[in-house]
**Q** 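Provided herewith is a single structure, encoded as structure tokens, for subsequent inquiry.
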Amino acid sequence: MSRDGVGTAGFTLIDDAPLRDRNTLRVDARAAWLAEVHDAAAIPDLLAHPALHGKPMLLLGEGSNVLFTGDYEGAIVSIATRGVEVLEDDGSSTRIRVAAGEHWDDFVRWTLGEGQPGLENLILIPGSVGAAPMQNIGAYGVEAGEFIESVEAFDMHEHRFVHFDNAHCEFGYRDSVFKRHPDRWLITAITFRLPHAWAPRIDYAGVQDELKRMGIERPAPIHVADAVVSLRTRKLPDPKQIGNAGSFFKNPLVPAAQAETLRAEHPQLPCWPVPNDLAKLSAAWLIEASGFKGAREGDAGISNRHALVLVNHGHASGAQLWALAQRVCADVRARFGVTLEPEPRVIGAGA
Ligand SMILES: Cc1cc2nc3c(=O)[nH]c(=O)nc-3n(C[C@H](O)[C@H](O)[C@H](O)COP(=O)(O)OP(=O)(O)OC[C@H]3O[C@@H](n4cnc5c(N)ncnc54)[C@H](O)[C@@H]3O)c2cc1C
């Protein structure tokens, strides 16, 4: 193992690095090199390091949206910069610059503690602030991209620092320009603009029901946060207790006519209209109807709480988890003619 001093170099470099504690599916993979960046200004020096010369590079946050199906033969670059800075409060909104290595949930709680609402529906999403723009994280009817003013990044191809305003991030549903070009831009910091004007975003039926259960009629931001925490804690397995990457399968989009035919045969199948004559189907329903909810093959399984969640009961390898996920997809395709896609990034051999 070799290390460069953090104080002098601004990064740490480790060879043959274990990844089990760096992915929430708790897969026991290794990386040929792992670089942890503590000072964004040191990125050019890191990339010039002889150990990394000619190596493929993978960017990693807290590993809550990845599946390693084997060891990674290149260099993993993880940003561990810290810092939250209020840039400006113009009376109608607050601009806050956050380093990419901050933990997302800590940041959300910090904003609420400061009396600044907006992000409460996104509480308890695992992962780093730097990864939030990647798939434009979203939950309970709110997306992070709505509050992102700009993103600072290092262009790994052109070796220079770059700046994206909101429009250039091309945010969509679980999508962005960053997601479409993985490993191209190492996100180093994000500036959020949080308006002072606030109205609760509680259209999502589950949140309303939860607030009712809590006996809250006119919710403040903290009540919405509490309702979301309570819903998430009940529905989603905690990665600290059982390895998982949240929802492993995306809700599939199919032509509206195909959705109609399916609904004629299976009236309980949840289905939502989408523009361009498409329909979104519930992947959870399709998986449960295929008999996979709670299924287990060795230590690889599908959660018995939520059919979208692939779980590691202990020592499943990434290849075993991926094999089970592929079996789920093949079965759903054979039964319903619908192709499921993974939401997390699948990395390594066979992916
Ligand atoms: C229990 C659970 C619940 C979840 N719930 C939700 C949810 O409600 N909504 C939701 O949207 N997601 C959810 N997720 C997924 C996950 O939390 C998010 O995608 C999160 O943003 C991933 O952050 P991370 O730091 O772990 O990224 P990683 O998993 O490390 O990386 C994810 C992707 O981002 C890239 N990346 C990471 N950091 C950077 C960076 N600094 N610069 C450039 N690229 C980078 C990686 O290359 C990879 O492609 C959930 C996951 C779990 C385990």
Side-chain angles (χ1 to χ4, degrees), residues 19 21-27 31 34-37 40 43 56-68 72 74 76-81 98-108 119 121-145 151-156 162 164 169 171-190 204 206 228-229 231-248 250 303 305-306 308-312 342-347 351:
L19 299 176
D21 291 338
R22 289 180 181 266
N23 71 98
T24 58
L25 269 164
R26 307 276 300 148
V27 166
L34 175 80
E36 201 162 73
V37 177
I43 296 171
M57 293 204 192
L58 173 88
L59 309 179
L60 189 70
E62 296 181 21
S64 64
N65 211 20
V66 293
L67 167 60
F68 288 103
Y72 186 69
I76 289 185
V77 180
S78 175
I79 190 123
T81 50
V98 190
E102 288 287 341
H103 183 56
W104 174 261
D105 183 53
D106 288 348
F107 168 56
V108 172
L119 301 177
N121 293 45
L122 304 177
I123 197 164
L124 216 58
I125 298 182
S128 57
V129 166
M134 281 300 290
Q135 68 160 7
N136 182 19
I137 53 169
Y140 301 104
V142 174
E143 290 177 340
V151 169
E152 294 164 49
F154 188 81
D155 187 329
M156 304 291 279
V162 288
F164 292 80
C169 297
F171 289 125
Y173 172 69
R174 298 291 188 275
D175 194 33
S176 71
V177 70
F178 310 109
K179 180 147 184 183
R180 275 175 263 130
H181 302 273
D183 305 326
R184 165 81 195 262
W185 295 287
L186 173 55
I187 294 170
T188 55
I190 298 173
Y204 204 91
V228 170
V229 166
L231 275 172
R232 292 187 71 100
T233 316
R234 243 191 352 262
K235 279 192 170 178
L236 288 168
D238 180 353
K240 288 196 192 92
Q241 279 155 20
I242 184 163
N244 76 87
S247 297
F248 194 85
K250 289 195 233 174
S303 169
R305 276 208 251 171
H306 202 314
L308 286 186
V309 181
L310 184 71
V311 291
N312 184 353
E343 181 185 302
R345 180 162 175 201
V346 182
I347 301 156

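All ligand and atom numbering here is 1-based and tracks the order in the structure.
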**Q** Among all the protein's non-hydrogen atoms, which is closest to atom 13 (C) of ligand 1, and how far away is it?
**A** I125 CG2, 3.8 Å

**Q** Where the closest heavy atom to atom 33 (C) of ligand 1 is concerned, which of M156, E143, M134 has it?
**A** M134

**Q** Using a heavy-atom cut-off of under 4.0 Å, does the side chain or the backbone of E62 touch ligand 1, or both, or neither?
**A** both

**Q** Counting only heavy atoms closer than 4.0 Å, does ligand 1 sit against the backbone of W185, its side chain, both, or neither?
**A** backbone

**Q** Which atoms of ligand 1 are found less than 4.0 Å from any heavy atom of N244?
**A** 1 (C), 53 (C)

**Q** Of all heavy-atom pairs between P133 and F171, which one has the smallest distance, and what is that distance?
**A** O-CE2, 3.5 Å

**Q** Show the atoms of ligand 1 that are less than 4.0 angstrom away from any heavy atom in G127.
**A** 23 (O), 24 (P), 25 (O), 26 (O)

**Q** Considering non-hydrogen atoms only, spot the tightest contact between V311 and P237 and give its length.
**A** CG1-CG, 4.4 Å

**Q** Out of N65, L67, I242, V66, which one pairs with L25 under the side-chain contact (heavy atoms from CB on, under 4.5 Å) rule?
**A** L67

**Q** I137 to ligand 1: N or O pair under 3.5 Å?
**A** no

**Q** May I ask you to test the T233-L124 pair for a side-chain heavy-atom distance under 4.5 Å?
**A** yes

**Q** Write out the residue and atom name of the closest protein heavy atom to atom 23 (O) of ligand 1, then the distance separating them to 0.1 Å.
**A** A131 CB, 3.3 Å

**Q** Does even one non-hydrogen atom of R22 get within less than 4.0 Å of ligand 1?
**A** no

**Q** Carefully, step by step, assess V151 and F178 under the rule side-chain contact (heavy atoms from CB on, under 4.5 Å).
**A** CA-CA 10 Å; V151 169; F178 310 109; 3.8 Å; yes

**Q** If you have a sec, work out which protein heavy atom is nearest atom 22 (C) of ligand 1 and how many Å separate them, to one decimal?
**A** S64 OG, 3.2 Å

**Q** Spell out, as yes or no, whether a donor-acceptor pair under 3.5 Å connects the side chain of N23 to the backbone of G63.
**A** no

**Q** Using modelled atom types only, decide if a donor and an acceptor are shared between the side chain of S176 and the backbone of M134 within a distance under 3.5 Å.
**A** yes

**Q** Heavy-atom contact check, 4.0 Å cutoff: does R174 meet ligand 1?
**A** yes

**Q** List ligand 1 atoms under 4.0 Å from A139, heavy atoms only on the residue side.
**A** 8 (O)

**Q** Which ligand 1 atoms, with their elements, are less than 4.0 angstrom from a heavy-atom of I79?
**A** 41 (N)

**Q** Please identify which of these residues, L119, I123, V129, meets the side-chain contact (heavy atoms from CB on, under 4.5 Å) condition with D105.
**A** I123

**Q** Quick one: closest heavy-atom pair of R305 and R234, and the distance?
**A** NH1-O, 2.9 Å

**Q** Has ligand 1 got any nitrogen or oxygen that is less than 3.5 angstrom from a nitrogen or oxygen of A100?
**A** no

**Q** Heavy atoms only: which of N136, I187, I347, L59 lies closest to atom 47 (O) of ligand 1?
**A** L59

**Q** Write down the atom of M57, the atom of V77, and the distance for their closest heavy-atom approach.
**A** SD-CG2, 4.0 Å

**Q** Which protein heavy atom lies closest to atom 25 (O) of ligand 1, and at what distance to 0.1 Å?
**A** S128 OG, 2.7 Å

**Q** Can you tell me which portion of V309 lies within the under-4.0 Å heavy-atom range of ligand 1? Options are side chain, backbone, both, or neither.
**A** neither

**Q** Quick check: closest heavy atoms across K250 and P342, and the distance to 0.1 Å?
**A** CE-O, 3.6 Å

**Q** Mind checking side chain to side chain donor-acceptor pair (under 3.5 Å) for D175 and listing every partner two or more places apart, or none if nothing turns up?
**A** R180

**Q** If you measure from each non-hydrogen atom of P126 to ligand 1, which part falls under 4.0 Å: side chain, backbone, both or neither?
**A** both

**Q** Is there at least one pair of N or O atoms, one from L60 and one from ligand 1, spaced under 3.5 Å apart?
**A** no

**Q** Using a 3.5 Å cut-off on N or O atoms only, is L236 in polar contact with ligand 1?
**A** no

**Q** Which residue supplies the protein heavy atom nearest to atom 53 (C) of ligand 1, what is that atom called, and how far is it?
**A** G246 N, 3.2 Å

**Q** What protein heavy atom sits nearest atom 39 (C) of ligand 1, and how far off is it?
**A** G130 O, 4.1 Å

**Q** Check whether any N or O atom of G63, backbone or side chain, sits under 3.5 Å from an N or O atom of ligand 1, and answer yes or no.
**A** yes

**Q** Salt bridge check: are D183 and R345 linked by an N-O gap of less than 4.0 Å?
**A** yes

**Q** Considering heavy atoms of the protein only, find what lies nearest to atom 29 (O) of ligand 1 and give residue, atom and distance to 0.1 Å.
**A** N65 N, 2.7 Å

**Q** How close does the nearest protein non-hydrogen atom get to atom 7 (C) of ligand 1, and which residue and atom is it?
**A** G138 O, 3.6 Å

**Q** Do any nitrogen or oxygen atoms of R232 lie less than 3.5 angstrom from nitrogen or oxygen atoms of ligand 1?
**A** yes

**Q** What's the shortest heavy-atom distance between N244 and D238, and which atoms?
**A** ND2-C, 3.9 Å

**Q** Does Y72 have any ring-ring contact (aromatic ring centres under 6.0 Å, His included) partners at least two apart in sequence or in another chain, and if so, which?
**A** none

